[in-house]
Amino acid sequence: MSGIVPELAVIDTAGSIFDRGDRYEIPLYQRPYAWGEEHIERLIEDIDDIPTGSDQKYYLGSLVVARKGDSLWEVIDGQQRLTTLYLLLSALGIRSDEENGALTFSCRTKSDYTLAHLGKLDISGEVEDKLVEQNISTGMRVIKQKLDADFIGERRAELKRKLERTYLYRIEVPEYTDLNHYFEIMNTRGEQLEQHEVLKAWLMEPLSGRDAAMFASIWDACSDMSCYVQMRFDVPIREKLFGWGFDSFPTSARIRSVPWNTEKGGNSLGIKDIVSSRSVGEGQRGEEDDDPSRFESIIDFRFFLLHVLKVFAHTKGIVGKDADVPLMASLLDDKKLGQTFREVVSKGLREGDPVDRARFSIEFAECLLQTRFLFDKCIVKREYVGGDLDGKWSLKELRRKSYRYSNTKFKRTKYQWASTLDKTNKSVLMIQSCLRVSYTSPKVMHWITELLTRMMDDPSLAGSEEFASIAEECASGAAREFLVSGDYMQGVNTPHIVLNYLDYLLWSREKRRYDDFVFEFRTSVEHWYPQNPSDDTFVKWGEVDRFGNLCLVQRNVNSKFSNLNPVAKKSTYQEMIAKGSLKLRRMSELTQGVEDWKGGVCQEHEREMLGILREACGIPSDLTLND
């Protein structure tokens, strides 16, 4: 084994990483390919973040391998990333020979078969469906749709150039290493220090005494996104912060009235102190009858911090020194978490003066707790109860069961000025779940920032019927842009939010009829009349990309669905359609014959759907819509 760790360029003059004679084998003791849409899109976005026109290298991480022959390597760690690169390079046309065995899965014939037929997965009759490994097939579809949506023309060429500056480290383990044991160690090793922990130390540098104790207690409580923030404080402090019912907004006066434990919080903490005391430990978790860990946040703490920073800058009037340069980037980039905070402090102005670091840290901690309280109460989450492994959308608030006892319960978030509490809660839950499944990347969940900002401006909105309208505005804006563009022939590039928002409007009009409808991650735009008719049994249609012919389906829907005619889809996939998007259900109901669909039914359906969107978005009725 050489002492030098080689850098592997993903692309160089000799070709791609898979074209240089090396072969990589995924052993059976590793799990199959399992990356989903979020991981795949994030890898592509990370590569796209490489500065254009620079010589800067970007390292995807390390590939840990064991030598099995002169050019054969067993992959011990990094197979998910390596497989995704293989799919990406194939989708970009950089690899032309998919059957050269550069990447194989030991004893997994479906995976090998799928890799060898990547270019034929969407071509009817070219592959045996029963031999296809669905996770790899779905991953390829995710990549192709991401490229078709965001990397067209020069953007795709630039992505290829950035791949030429993308590298992996290939780390070879010593000969005679027990690979099974090594793999187990690799997957149970301790976590490295996270960015938000480094940021915590930097924010605490100017603090001491009671201020440091307050900051540390609030930060640690908020960093646990697995339960409601109230449960991370001892009952006496909880009562001071959130009132006797545990459900009151934690005002600055409440926060400052708490006798923060200066011995526990101490002076400003360094990196070593933070690492040695990661556990939160003050809250009395488990005391309540309802399990507080049954909820899952839709974002993690790093992204939550970025949302809060934008809310904080807005509420405190912090602006950039250069009025023409945004103080913060539009995208929420967790890789630049610490940099974003430091730039707000160094480049920001507050009432014309530079930002004071100590004041910034103290007031940010207050805003962090306040925003987290509103987030827990009013932002949709996943709830897992009764052994439900899939979870369901939930919008609940935590309250004390009895003033005599500290036990808590979860109730649907109240909208006290609403005429019907349950209906308003359901509407807010539906529009937020609509937004969540539309904006799958945490980098673009700007709707969360908008809702939190509006509530921080006026916390009473968290308990008002008006909140539902504010949430709807977050969806209708994108739909309005789509309508005004006048381009209703976008096909697979049609914004998902437009189709999901239309489903929300259809549900709103007939709630009783569509009581079973829920928003799921239907992230593939499907043509009802297919792009590629199966076995040439019917002809292609030049208007296949029109809005009336489109709907959203889950990516794992059998690829045969894509190539069938509308009548065949309706009869063959009745169960899937009955649980599918509302626009899909409507198209199925309207379908009587293939020629009828093309000859006028589709066009009429499109006019009706665009009319519903137009009415909801306030688009004048005399605006001409394409037929």
Side-chain angles (χ1 to χ4, degrees), residues 2 4-26 33 35 37 39-65 67 69-105 111-112 114-121 136-137 139-172 333 335:
S2 171
I4 300 176
V5 178
E7 292 181 347
L8 300 181
V10 174
I11 304 174
D12 62 14
T13 55
S16 82
I17 189 176
F18 302 105
D19 294 321
R20 302 176 194 137
D22 287 318
R23 294 179 294 130
Y24 297 94
E25 181 181 83
I26 312 301
Y33 182 68
W35 266 16
E37 181 174 6
H39 290 94
I40 293 171
E41 290 192 347
R42 183 164 182 176
L43 180 139
I44 296 173
E45 289 166 0
D46 285 349
I47 296 170
D48 188 46
D49 284 343
I50 301 173
T52 300
S54 74
D55 294 328
Q56 174 183 335
K57 291 182 178 180
Y58 175 67
Y59 293 91
L60 280 178
S62 58
L63 185 65
V64 181
V65 297
R67 186 183 292 273
D70 290 341
S71 59
L72 178 61
W73 306 92
E74 181 172 318
V75 179
I76 303 171
D77 191 53
Q79 71 109 338
Q80 302 289 332
R81 189 166 50 248
L82 186 68
T83 305
T84 304
L85 274 178
Y86 188 95
L87 301 181
L88 176 60
L89 294 175
S90 296
L92 288 170
I94 294 172
R95 296 197 59 259
S96 57
D97 182 7
E98 294 169 350
E99 300 186 31
N100 65 0
L103 179 64
T104 58
F105 284 76
S111 296
D112 287 345
T114 308
L115 290 181
H117 295 81
L118 288 176
K120 303 173 183 178
L121 292 177
I136 294 177
S137 176
M140 191 64 172
R141 291 185 67 186
V142 170
I143 290 172
K144 285 183 176 180
Q145 292 192 6
K146 177 70 172 176
L147 294 178
D148 289 342
D150 299 337
F151 296 91
I152 301 173
E154 179 56 29
R155 284 272 289 140
R156 185 168 299 195
E158 180 59 31
L159 181 64
K160 292 180 181 180
R161 289 192 288 270
K162 290 179 178 180
L163 278 166
E164 294 174 0
R165 290 185 278 131
T166 302
Y167 292 79
L168 287 167
Y169 284 115
R170 187 171 66 195
I171 301 173
E172 181 183 352
D333 190 349
K335 298 193 304 300

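Each residue takes its place number in the sequence, starting with 1. Keep in mind it's a predicted model, so treat the numbers as computed, not measured.
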Test item: [X] and [Y] side chains (from C-beta on) under 4.5 Å apart, heavy atoms:
X: E25; Y: W73; value: no
X: F105; Y: T83; value: yes
X: D150; Y: E45; value: no
X: L115; Y: L87; value: yes
X: T84; Y: H39; value: no
X: F18; Y: L82; value: yes
X: Y24; Y: Q79; value: no
X: W35; Y: V142; value: no

Enter the distance from [X]:[atom1] to [Y]:[atom2] here, rounded to the nearest 0.5 Å.
X: L159; Y: I50; atom1: CG; atom2: CD1; result: 8.5 Å
X: I40; Y: L88; atom1: CD1; atom2: CG; result: 10.0 Å
X: D46; Y: K335; atom1: CG; atom2: NZ; result: 4.0 Å
X: I76; Y: I171; atom1: CD1; atom2: CD1; result: 10.5 Å
X: I44; Y: L147; atom1: CD1; atom2: CG; result: 5.5 Å
X: L60; Y: L8; atom1: CG; atom2: CG; result: 11.0 Å

Could you check whether any side-chain N or O of [X] sits under 3.5 Å from a backbone N or O of [Y], counting only pairs where one atom can act as donor and the other as acceptor?
X: R23; Y: T104; value: no
X: R156; Y: F151; value: yes
X: R165; Y: Q56; value: yes
X: S62; Y: V64; value: no

Closest approach of [X] and [Y], non-hydrogen atoms and distance?
X: S137; Y: T114; result: N-CG2, 4.1 Å
X: I152; Y: A149; result: CD1-O, 4.5 Å
X: V65; Y: R170; result: CG2-CG, 3.6 Å
X: K162; Y: I47; result: CD-O, 3.5 Å
X: I143; Y: A91; result: CG2-CB, 3.7 Å

### Message
Parallel, tilted or perpendicular: which one describes the rings of Y59 and Y169, with boundaries at 30° and 60°?
### Response
parallel
### Task
Applying side-chain contact (heavy atoms from CB on, under 4.5 Å), run through L118 and I136 and close with a yes or a no.
CA-CA 9 Å; L118 288 176; I136 294 177; 4.2 Å; yes
### Query
How about Y86 and S16: does a side-chain donor come under 3.5 Å of a side-chain acceptor?
no
### Message
Between E158 and R161 (salt bridge meaning N to carboxylate O under 4.0 Å), is one present in this structure?
### Response
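Result for this pair is yes, salt bridge flagged.
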### Message
Could you walk me through whether D48 and R155 satisfy the side-chain contact (heavy atoms from CB on, under 4.5 Å) test, starting with their C-alpha distance in whole Å, then the side-chain angles of each, then the deciding distance to 0.1 Å, before giving a yes or no?
### Response
CA-CA 9 Å; D48 188 46; R155 284 272 289 140; 3.1 Å; yes
